[in-house]
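Both backbone and side-chain heavy atoms feed into the values below; hydrogens, waters and symmetry mates do not. So you know, we letter chains A, B, ... as the sequences are listed, proteins then strands, and number each from 1.
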There are 2 protein chains.
Amino acid sequence: MEKYFEVLRKCPLFVGIADEHIFKMINCLGAVLETFDKKYTIIAEGNPAKFIGILLSGSAQIEQVDYYGNRTIMGRVEPSQLFSEEFACAERESVPVSVIANEPCEVLLVDCNHILHTCHNNCSFHQQMIFNLMKNMATKNIVYHQKMEITSKRTTREKLLAYLMFCAKEAASNSFEIPYDRQELADFLEVDRSGLSAEISKLRKEGILQSTKNHFELL
Amino acid sequence: MEKYFEVLRKCPLFVGIADEHIFKMINCLGAVLETFDKKYTIIAEGNPAKFIGILLSGSAQIEQVDYYGNRTIMGRVEPSQLFSEEFACAERESVPVSVIANEPCEVLLVDCNHILHTCHNNCSFHQQMIFNLMKNMATKNIVYHQKMEITSKRTTREKLLAYLMFCAKEAASNSFEIPYDRQELADFLEVDRSGLSAEISKLRKEGILQSTKNHFELL
DNA sequence: CACCTTTTGTTGAAATTTCAACATATTTGC
DNA sequence: GCAAATATGTTGAAATTTCAACAAAAGGTG
């Protein structure tokens, strides 16, 4: 467990909690370590919303597949980040999305009851965690706002440019990598993959961007 | 202020707080009461993200207008509900959306600093409020998930049906009212208004639904 | 009630997306 | 390094959306 120290320090759940207390808390919370191979399902749609996930290594994706078979990618999870916490904290019956490993992943699963319903004796760590969860969820809320701002655009070109400009802003550079392959980007932007490829070519020909694989540069 | 008692009791911020303490807390939080006429802007895009809003009466809408002039309606706010709390709690500089009064509104604005940064003396009310905010934001997060599930559909018809089925589920009946007029529904579903009207007519002719104004019935 | 304003429905043309099918490029596993 | 599998790019046809313009209906106001 010690090898995850740096990851856990950065976890939004443990902000403001002294290093020496983090591992004690993880024990106290009854966290379970699990590993998943690439493409495996960490949490399946319909599962009970019981766990708050902490990604320790690898990367994962939040997905939803609808009735028609269209996949929507809600977002990506990187080490230190939480996943599925909104469903656990809202005390939903089940999780409406799937969490899929993009590469081999190690995750820590914390039973949400240990965070929400125990320790009413004013334990200060516990209160700090609730505060941290609150902040984390406010931030996640904003991330969803940003996704909606991108996907609300009406054409593939506008969605793509909105997304790329967002990435450029995040990277503070016109040159950046995106975390998605073409199919994933299409599923994130909620457009057709082949149309997306065509649009990227078009923008390249128009001299608006350069790209090789996942690397883009806005001109 | 007493006339808002019932509304405040139902406010997610005051869950688990005894009735007799609610007004004291509102004073303590330095909440400001403001009123707005129909169509007025309660919070404008770009404003400092300083306030958590509580809607006391009327109804409001969360909107975002992009570069191209397309309006997106993120959602609706009903009495007792909070608005703009995610931006305040995440300590964002400014609010990326506008909150618009749909009818004459009374709102309570609470400086988020009074909730986030004071009272580190373990005041139990305060801790309850943080917990409440956390739950509220988890729930809001899920609401956004639901919206994305609807708007991720690829055609106007699919979006509309997904929305109507969601409403029917909420109402626990095939017969229900929606809170939007046609233009607003189009802006919520992120489609063209005239195309939406055409699609509704089509569904009516196909015998899939009946509708008069805002009332719908799925058959 | 009559007038004006706003909302809703209808239509056809133009733009765009999706879909399917295939070619090419890249990656993976042995 | 090769073969197989996967990912990406390209194309044209069909479906759908958007857009603009207008007609009809509903609502508000004096």
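In this structure, CG of B/Asp66 is placed 13 Å from P of D/dT18, rounded to the nearest angstrom. Per the geometry, CZ belonging to B/Arg204 stands 12 Å off P belonging to C/dT8, to the nearest Å. In this entry the distance linking CD of B/Glu158 with P of C/dT17 reads 16 Å, nearest Å. Atom OH in A/Tyr68 sits roughly 12 Å away from atom P in D/dT16 (whole-Å rounding). The nearest whole Å value for the distance from the NZ atom in A/Lys153 to the P atom in C/dT17 is 14 Å. Atom CG of A/Asp181 and atom P of C/dA25 are 19 Å apart (whole Å). One interatomic measurement links the two molecules: CG of A/Leu203 to P of D/dT10, which rounds to 12 Å at whole-angstrom precision. One interatomic measurement links the two molecules: OH of A/Tyr180 to P of D/dT6, which rounds to 22 Å at whole-angstrom precision.
Scanning both residues, B/Ser194 and B/Asp192, for their nearest heavy atoms gives OG-OD2, 2.6 Å.
Side-chain atoms of A/Arg182 lie closest to D/dG9 of the nucleotides C/dT18, C/dG9, D/dG9. Set against C/dT17, D/dT17, C/dT8, the side chain of B/Glu199 has D/dT17 as its closest nucleotide. Of all nucleotides listed (D/dG9, C/dT10, D/dT11), D/dT11 comes nearest to the side chain of A/Ala198.
Residue A/Ser194 is classed as a base contact, given a heavy-atom separation below 4.0 Å to a base. Contact annotation for A/Ser197: base contact, defined as any heavy-atom pair under 4.0 Å involving a base atom. As judged by a 4.0 angstrom heavy-atom cut-off over every strand, B/Asp192 is placed among the base-contacting residues.
A donor-acceptor contact under 3.5 Å links the side chain of A/Arg193 to the base of D/dG9.
Remark on DNA chain D: of its neighbouring residues A/Arg154 and A/Asn214, the 5'-side contact belongs to A/Asn214, judged by nearest-heavy-atom nucleotide.
Heavy atoms of other residues, nucleotides or ligands lying less than 6.0 angstrom from CZ of A/Arg92 number 12 at most. Open room surrounds OH on B/Tyr67; 12 or fewer heavy atoms of other groups in view lie less than 6.0 Å from it. Within a 6.0 Å sphere centred on NZ of A/Lys50, other residues, nucleotides and ligands contribute 12 heavy atoms or fewer. More than 12 heavy-atom neighbours from other residues, nucleotides or ligands sit within 6.0 angstrom of CD on A/Glu103.
Residue B/Lys213 has a polar side-chain atom (N or O) positioned under 4.0 Å from OP1 or OP2 of D/dG27. Between B/Arg157 and D/dT16, a side-chain N or O to OP1/OP2 separation shorter than 4.0 Å is absent. Residue B/Thr155 has no polar side-chain atom (N or O) positioned under 4.0 Å from OP1 or OP2 of D/dT16. Distances shorter than 4.0 Å separate none of the side-chain N or O atoms of A/Lys202 from OP1 or OP2 on D/dG9.
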